[in-house]
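Since we're looking at a predicted model, the values are computed, not measured. The chains referred to below are lettered A, B, ... by the order of the sequence lines, with proteins before strands, and numbering in each begins at 1.
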Amino acid sequence: MDPADLTIAEAGARLRSGDLTAVDLLAAVRRRASMTEAILHAYLTIDHDGARAAATAADVALAQGRDLGSLHGIPIALKDNMVTRGIETTCSSRILAGYRPPYDATVVERLKAGGAVIVGKTNLDEFAMGSSTENSAYGPTRNPWDPDRVPGGSSGGSAAAVAVGSALAALGSDTGGSIRQPGSLTGTVGMKPTYGLVSRYGLIAFASSLDQIGPITRTVDDAVTVFEAIAGHDPSDATSYRGGVPEVRSTLDAGVKGLRIGIVGELSGEGTAPDVAANFRATVDALAGAGATIKELSLPSTAYALSAYYLIAPAECSANLARFDGVRYGPRLAGRSVEESMSATRRDGFGPEVTRRILLGTYALSAGYYDAFYGQAQKVRTLVIEDFRRAYSEVDVLVTPTSPTTAFAVGEKANDPLAMYLSDICTIPSNLAGDPAISVPSGLDSDGLPIGFQVLAPALGEAVMFRVASAVEQSSGFTGRPALATSAGAA
Amino acid sequence: MPVDIDIAKVARLARIGLTADELAYYGQQLQGILEHAALVQALPTAGVAPTAHPLPMVNSFRPDIVEPTLDREEVLAQAPDREGPYFRVPPFLED
């Protein structure tokens, strides 16, 4: 088997038995990238020198008996909204063109300390705003299952790279579903941890109360491995959780016998494609067959979660993106005054979706409209959290389809922002609540495109979430890989 | 529900220098999105406390220990304009 197609667990075993070197593993991943990048455009930057040096160092360390852990020698990609010292970090925006950050994000430090090999920086919707990775100033990423379709977004570059084998795993960020929805659309596992478990230091902020970094991998087991490596308290992030990281590995294979699983009427009904709905039902039946109790629940406030999200996220974005003013980094356009220079720089530097959301957030926060929009959205957020709390008094986890549809065509929703926003309807509530959630591949639709199944758990409920996800992975038997990966592997 | 937007004022507050055509374009799109977002107003919320953040946290302190900061040259090297150890900007006070 081409090493680019190995899971982290398989590659780790071969690195330790001496069957494979980190340098050869990196070469395989690079070869896969060179065969697929012209079609997919998953990467914005590939760090050739840094990755080679890291792989060489990983081999030397292992030969000397210094094993840095499960990610030792594993090639990992980073969404380009996580800063990397000296390596260009753009957030797919012209406003950060050429920016070489003076420090590494905490997650990057942790991956490096664990021996990981950082392959490069992946494409995203500009500043992580979007659901298709079409909103990139550097061109869209395409889906390895069908290059005429989007890979989802905003972490579409990371998801496409993992699906095709130009990385064994990747980090994404999830503000309203930006890890889980691309996971669903590319047949990969995408996980958003509990808010605060993974440091946001060095994650270029979109909506600070919603953003969370998490893994995109090919298996649930690999997602656990990456989660364990990146989670933990960080004094550099004031919102980092101090209470410790839940232990998840020991119950991963415990099965679902005796667990109570809830289905949410509001999140698996109208708007769901027939193949997605049928697959969801079959997956739930399989969980019931494996001994879980299934209960139908209503979370009435989730019907308003999307509207609340599209006020809260733009409001926070309009404040966070005020820092891009052409003073400390990025290009600057001239003006007779500071204001004129800033206004010209920002008009030129931000793409249409980012501009739209900054304007939306500025409006929602402005005098006279604050109570009716932002204030009301914050109250809806409370109601969503209360709905979840009630649900989790009756069940251990909730399940939904990750996305109402499989991958849509490039350009299909590009001119209809509202239709694009609706593709996040099942993922947004967990961000509002700060809860963990994961998307697991659960089958293919009639067009041969992957379908994702989402497991939601209460805050710090990662153990039961991963446990159910692992059961879904086993019952669905999904091991599919996109044709592009298979043909590249055989070439 | 109709939503009233002074898009030129919003763009000025956001410091984004849009042309008249762009103002019209974004104004119309915001109208549609805000009409959907205004659905939040349909939910009765009397007596509901707002949530600004999922983790109810008070101040987060760390020990007061001097640690290395970012390298000044490395930081200034990213600026579009500088003068010595400073960021240089256009004049912002009229004389």
Side-chain angles (χ1 to χ4, degrees), chain A residues 99-100 102-103 195-196 209 235 238-241 301 304 307-308 310-311 318 322 325-332 334-344 346-347 350 355-356 358-360 362-364 366 372-373 375-383 385 417-418 421 432-434 459, chain B residues 3-7 9-19 22 25-27 29-30 32-43 45-55 57 59-63 70-81 87-92 94:
Chain A
Y99 175 54
R100 292 177 188 275
Y103 68 107
Y195 184 87
S209 81
T239 61
S240 175
Y241 180 68
S301 308
Y304 300 89
S307 299
Y310 276 100
L311 292 166
S318 71
D325 53 10
V327 172
R328 288 154 297 172
Y329 25 64
R332 176 195 298 173
R336 282 164 300 178
S337 66
V338 166
E339 184 180 334
E340 220 182 77
S341 165
M342 284 180 186
S343 298
R346 287 163 64 80
R347 180 207 175 265
F350 292 134
T355 301
R356 190 150 47 227
I358 292 174
L359 295 172
L360 192 54
T362 304
Y363 174 84
S366 61
F373 286 100
Q376 180 70 4
Q378 287 185 310
K379 291 177 182 174
V380 171
R381 188 171 188 180
T382 306
L383 294 175
I385 291 170
L418 200 52
Y421 296 172
L432 291 175
Chain B
V3 175
D4 150 49
I5 309 170
D6 180 351
I7 188 71
K9 181 184 168 201
V10 173
R12 166 92 204 278
L13 286 171
R15 299 289 188 270
I16 302 181
L18 299 176
T19 65
E22 288 165 341
Y25 170 78
Y26 287 113
Q29 281 194 333
L30 252 58
I33 297 165
L34 282 166
E35 280 168 16
H36 190 271
L39 289 176
V40 295
Q41 292 160 5
L43 208 58
T45 54
V48 175
T51 297
H53 209 271
L55 279 183
M57 294 174 75
N59 293 340
S60 181
F61 294 109
R62 63 168 174 78
L70 298 180
D71 181 79
R72 187 163 67 186
E73 272 310 305
E74 209 176 338
V75 171
L76 282 163
Q78 298 305 312
D81 196 8
F87 295 109
R88 190 183 161 95
V89 295
F92 57 87
E94 308 295 335

*Asks:* Which heavy atom of Phe373(A) sits nearest a heavy atom of Val40(B), and at what distance?
*Replies:* O-CG2, 4.5 Å
*Asks:* I'd like to know which of Val380(A), Leu383(A), Leu359(A) tops the heavy-atom pair count under 4.5 Å against chain B.
*Replies:*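 Top count of heavy-atom pairs under 4.5 Å with chain B: Leu359(A).
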*Asks:* Rounded to the nearest 0.5 Å, what's the gap from OH on Tyr310(A) to CD1 on Ile33(B)? Could you check?
*Replies:*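 So the gap between those two atoms works out to 9.0 Å.
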*Asks:* Against chain A, label Ala11(B) side chain, backbone, both or neither, depending on which of its atoms sit under 4.5 Å from a heavy atom there.
*Replies:* both
*Asks:* Given a strict heavy-atom distance threshold of 4.5 Å, which part of Thr239(A) is in contact with chain B: side chain, backbone, both, or neither?
*Replies:* both
*Asks:* Between Ile385(A) and chain B, which part of the residue has a heavy atom less than 4.5 Å away: side chain, backbone, both or neither?
*Replies:*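 The answer is the side chain of Ile385(A).
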*Asks:* Any ion pair linking Arg100(A) and Glu74(B) (charged N to carboxylate O, less than 4.0 Å)?
*Replies:* no
*Asks:* Are the side chain of Thr382(A) and the backbone of Ala49(B) linked by a donor-acceptor contact shorter than 3.5 Å?
*Replies:*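 Checked: pair present.
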*Asks:* Backbone N or O of Leu43(B) within a donor-acceptor pair of the Gln376(A) side chain at under 3.5 Å?
*Replies:* yes
*Asks:* Hey, which of Leu76(B), Leu18(B), Val89(B) has the most heavy atom pairs under 4.5 Å with chain A?
*Replies:* Val89(B)
*Asks:* Please check this pair: side chain of Glu339(A) against backbone of Arg15(B), looking for a donor-acceptor N/O pair closer than 3.5 Å.
*Replies:* no
*Asks:* Check each atom of Ile7(B) against the heavy atoms of chain A and say whether the ones under 4.5 Å are side chain, backbone, both or neither.
*Replies:* side chain
*Asks:* Need one label for Leu311(A): side chain, backbone, both or neither, based on atoms under 4.5 Å from any heavy atom in chain B.
*Replies:* side chain
*Asks:* Tell me the closest heavy-atom pair linking Val10(B) and Thr362(A), and the distance in Å.
*Replies:*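 In terms of heavy atoms, the two residues are closest at O-CG2, 3.8 Å.
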*Asks:* Please name the pair of heavy atoms, one in Gly326(A) and one in Pro80(B), separated by the smallest distance, quoted to 0.1 Å.
*Replies:* O-CG, 3.2 Å
*Asks:* Keeping the roles fixed (side chain from Arg347(A), backbone from Thr19(B)), state whether a donor-acceptor pair exists under 3.5 Å.
*Replies:*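 Not a single qualifying donor-acceptor pair exists.
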*Asks:* To check you understand the geometry: which heavy-atom pair defines the closest contact between Ala52(B) and Arg381(A), and what is its length?
*Replies:* O-NH1, 3.4 Å
*Asks:* Pick from Ala344(A), Ser240(A), Ala364(A), Gly330(A): which one has the most heavy-atom pairs with chain B under 4.5 Å?
*Replies:*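 Result: the option with the highest number of such pairs is Gly330(A).
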*Asks:* For each of Ser366(A), Gly434(A), Pro102(A), tally heavy-atom pairs with chain B at distances under 4.5 Å, and name the one with the top tally.
*Replies:* Pro102(A)
*Asks:* Would you compute the distance between atom NZ of Lys9(B) and atom OH of Tyr363(A) and round it to the nearest 0.5 angstrom?
*Replies:* 10.0 Å
*Asks:* Not counting sequence neighbours, which residues clear salt bridge (charged side-chain N to carboxylate O under 4.0 Å, His left out) with Arg88(B)? List them please.
*Replies:* Asp81(B), Glu83(B)
*Asks:* Heavy-atom cut-off 4.5 Å, strictly under: side chain, backbone, both or neither for Tyr25(B) against chain A?
*Replies:* side chain
*Asks:* Against chain B, label Ala308(A) side chain, backbone, both or neither, depending on which of its atoms sit under 4.5 Å from a heavy atom there.
*Replies:* both
*Asks:* For residues Pro90(B) and Gly335(A), report the shortest heavy-atom separation together with the two atoms involved.
*Replies:*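 Nearest pair, atom of Pro90(B) first, then Gly335(A): CB-O, 4.3 Å.
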*Asks:* Which heavy atom in His53(B) sits nearest to a heavy atom in Ser209(A), and how many Å separate them?
*Replies:* CD2-CB, 3.6 Å
*Asks:* Can you tell me which portion of Ser318(A) sits under 4.5 Å from chain B's heavy atoms? Options are side chain, backbone, both or neither.
*Replies:* neither
